[in-house]
Amino acid sequence: MPRISNKKIADIFYEIAEYLEMEDVAFKPRAYERAAQVIETMSEEAYDLYKKDGAKAIDAIPGVGKGMTEKIVELFKTGRLKYLQSLKKKFPVKIREITAIEGVGPKMVKTLYKKLKIKNLRDLERAARAKKIAKLPGFAQKTQQNILEGIEFLKKAKGRVPLGHYIELAYAIRDKLKKTPGISHVEVAGSVRRRRATIKDFDLIACSTQPKKLLQKFTSLSEVARVLERGKNRAFVRLKEKIDADLLVLPKDKYGSALLHFTGSRFHNIKLRTMAKERGWTLNEYGIFKGKKLLASKTEEEMYKTLGMDWIPPEIREDRGEIEAALKHKLPKLIPYGSVQGDLQIQTNWTDGANSIEEMVRAAKKLGHKYIAITDHTRTLAMTGGLDEKGLARQAKEIDKINKKNKDFRIIKSAEINILKDGKLDINENGLKKLEIISVAVHSGFSQNERVMTNRIIKAMQNPYVNILFHPTGRILGRRPEYAINIDEIIKAAKKFNVALELDCYPDRMDLKDTNVRKAVAAGVKIVIDTDAHHIDHLKYISLGEAQARRGWAKKSDVINTLPVNKVLAFFKKVRLDKLRKKR
DNA sequence: GCCGTTTTCGGCCCGACTGTTTTCAGTCG
């Protein structure tokens, strides 16, 4: 049975949604999109659910009913989907490839295919260059030009990008707009405000008495490469950094409704609007209305309160139960920003890091950290010059020396120990004993099958010395998928063997992902938030980790390194002693 | 195609902007 990934199922459902959109089918496209989005971001693989509990487990996925369950099961059984094949037969078009162009949707694809037999991006580019597009009914010069420019952009753009590489730019743009006359509010909304691990564009909202002036300033910022849209209260630009930015400007008393609208997520908004509708109200970016009467718009708190619920932190606005919790006044108290007191994964120039231990210490202190763990790679990671037992001992001496010089700061002796293919560690027991925190990670054999990989990691976690599993699923955003592991079993083992799971918040990793954090936390597994810094400039990413922990509904008490250093060390020491005692 | 403290049938979020139009369809968020 082919192991079809969630990503693959989601891609197929998105594709179906576009084909149905093309045929003007009502409502179904959104049903498929909604299901695709849920499957794409859920914590466990649908395939694992199916193997364990059969079709009923698939049917239990929110947004997936009888029809889609059948289709998913067919994919698992045959690796194919007859329904998609029949859609493709009718319109043999690479629809998602073409609709990736900004401003080109399913309806245009249909015309392009019917009139010019355009099936993919290459056909489209050729037709546009030959000036054939402008002659089509409903198309003209401008559309043809937009298509050509859109194709050029697509060639350079990378799709969704890691938040951490762009977040500073988003806020820099916000800050530039702050000084515009007439402005009362300006804020970054959208997936940046929700702190999704990857983003597609920037959504900004502002309130101003002079929207024209503000939009003028926005579209003429030095960061802007091209203006895509510009209306009375909205503009859409393409930045030189190969990412788009959207600005919505409304009057001051609409700040709350505008911010809510532009923060999303889409499905969070849809649920709120449906709730408003059930009461005979309407909800839009201008407020909540009963007929023409305005019920709320000034602040988000007021908006939520009018709907009978508590204010919901943006990080969890994904329609994953937060609305129901807010209605019952039972939202979790999410870990506050600034809670993490020390970073427990840092590489230095002893292996593949760029800076010395002392440089890392200085940078960490500047950030307000009270401690860091030095976690250079170990022996078998040869390309990084991994340390063996002797190397670790030499490094320990160096750490002792620096610790003596720093009274108000503590360096913890640790390592990122390699889990070998059979689940053994590449540092012997004597070496392990000398470390204060023992963290382990997989760095090879990524293609092992799920059973082998899962057992391998669980075997490592059983080792009584092991405290933390680093970047548990191994994903690199946009480059490498998670390795095949059964995250449920990993979480169960983490609980059983008292091993913390890392939320590695280097922007390209963000691993554990939000939905896995939520599962781990629900299972009572402890989390640590680390940057995996290889350079002093990486330490600042810790707030991205806090953001993602919030997205996983984590509380401060779920995260070990919110504790002061003595408690952190005591915690791990106790775990080790308990495990050694049990072993005997 | 999904879903249900009104429901297993009858609903399904809402508005701005563009381009090609003479009142709107398509796209986007």
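Every chain is numbered from 1, with letters handed out A, B, ... down the list of sequences.
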DNA chain B-proximal residues of residues 85-114 of chain A, any heavy atom under 4.0 Å: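 Hits under 4.0 Å, by residue number: A:Ile101, A:Glu102, A:Gly103, A:Val104, A:Gly105, A:Pro106, A:Lys107, A:Met108.
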
For [N] and [M], measure between their [atom1] atoms and round to the nearest Å.
N: B:dC17; M: B:dC12; atom1: C1'; answer: 25 Å
N: B:dG11; M: B:dT7; atom1: C1'; answer: 10 Å
N: B:dT21; M: B:dA25; atom1: P; answer: 14 Å
N: B:dG15; M: B:dG10; atom1: C1'; answer: 25 Å
N: B:dC13; M: B:dC3; atom1: C1'; answer: 16 Å
N: B:dC9; M: B:dC14; atom1: C1'; answer: 25 Å
N: B:dC2; M: B:dA16; atom1: P; answer: 32 Å
N: B:dG4; M: B:dT8; atom1: C1'; answer: 9 Å

When we call it a touch if two heavy atoms are under 4.0 Å apart, what does [X] touch: a base, just sugar-phosphate, or nothing?
X: A:Asn284; value: sugar-phosphate
X: A:Lys271; value: nothing
X: A:Lys142; value: sugar-phosphate
X: A:Pro137; value: nothing

Between A:Leu248 and A:Asn146, who's closer to the 5' end of DNA chain B by nearest nucleotide?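 Closest to the 5' end, via its nearest nucleotide, is A:Leu248.
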
Could you say whether A:Arg230 or A:His261 is positioned toward the 5' end of DNA chain B, judged by the nucleotide with the nearest heavy atom to each?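 First, find each residue's nearest nucleotide; the 5'-ward one identifies A:Arg230.
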
Would you check, one step at a time, whether the test salt bridge (charged side-chain N to carboxylate O under 4.0 Å, His left out) holds for A:Asp244 with A:Lys200? CA-CA 8 Å; A:Asp244 295 342; A:Lys200 194 164 75 66; over 6 Å; no

For salt bridge (charged side-chain N to carboxylate O under 4.0 Å, His left out), just list the numbers for A:Lys8 and A:Asp11, CA-CA rounded to whole Å, side-chain angles, deciding distance to a tenth of an Å, and then say yes or no. CA-CA 5 Å; A:Lys8 180 77 186 167; A:Asp11 281 344; over 6 Å; no

Determine which nucleotide pairs with B:dC12, using a 3.5 Å limit on both distances of a Watson-Crick or G-U wobble pair.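 Paired with B:dC12, as far as the under-3.5 Å criterion goes, is B:dG1.
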
Check: A:Arg266/A:Gln37 side-chain N/O donor and acceptor closer than 3.5 Å: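 Distance-only check fails for A:Arg266 and A:Gln37.
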
Only one of A:Lys107, A:Lys28, A:Lys90, A:Lys110 passes side-chain hydrogen bond (donor to acceptor under 3.5 Å, both in side chains) with A:Glu23; say which it is.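 Considering A:Lys107, A:Lys28, A:Lys90, A:Lys110, a side-chain hydrogen bond (donor to acceptor under 3.5 Å, both in side chains) with A:Glu23 is found only for A:Lys90.
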
Could you work out, with salt bridge (charged side-chain N to carboxylate O under 4.0 Å, His left out) as the rule, every residue matching A:Lys176, not counting sequence neighbours?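 In terms of salt bridge (charged side-chain N to carboxylate O under 4.0 Å, His left out), with neighbours along the sequence ignored, A:Lys176 is linked to A:Glu223.
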
Audit row: A:Glu152, A:Arg129, salt bridge (charged side-chain N to carboxylate O under 4.0 Å, His left out) steps and yes/no: CA-CA 12 Å; A:Glu152 277 314 299; A:Arg129 288 201 191 286; 3.7 Å; yes

A:Lys51 versus A:Glu450: any side-chain heavy-atom pair under 4.5 Å?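 Yes; the side chains approach each other to less than 4.5 Å.
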
Cation-pi check, A:Lys242 onto A:Phe153 ring (under 6.0 Å, within 45° of axis):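 Ring-cation test returns no.
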
Aromatic contact, A:Tyr14 with A:Tyr32 (centres under 6.0 Å):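 No, they do not, as the ring centres are separated by 6.0 Å or more.
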
Decide if the gap between the ring center of A:Tyr541 and the ring center of A:Tyr506 is smaller than 6.0 angstrom.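 Ring centroids of A:Tyr541 and A:Tyr506 are less than 6.0 Å from each other.
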
At the 4.0 Å heavy-atom cut-off to chain A, mark where contacts on DNA chain B begin and end, going 5' to 3'.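 With heavy atoms of chain A under 4.0 Å away, the range is B:dG1 to B:dG29.
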
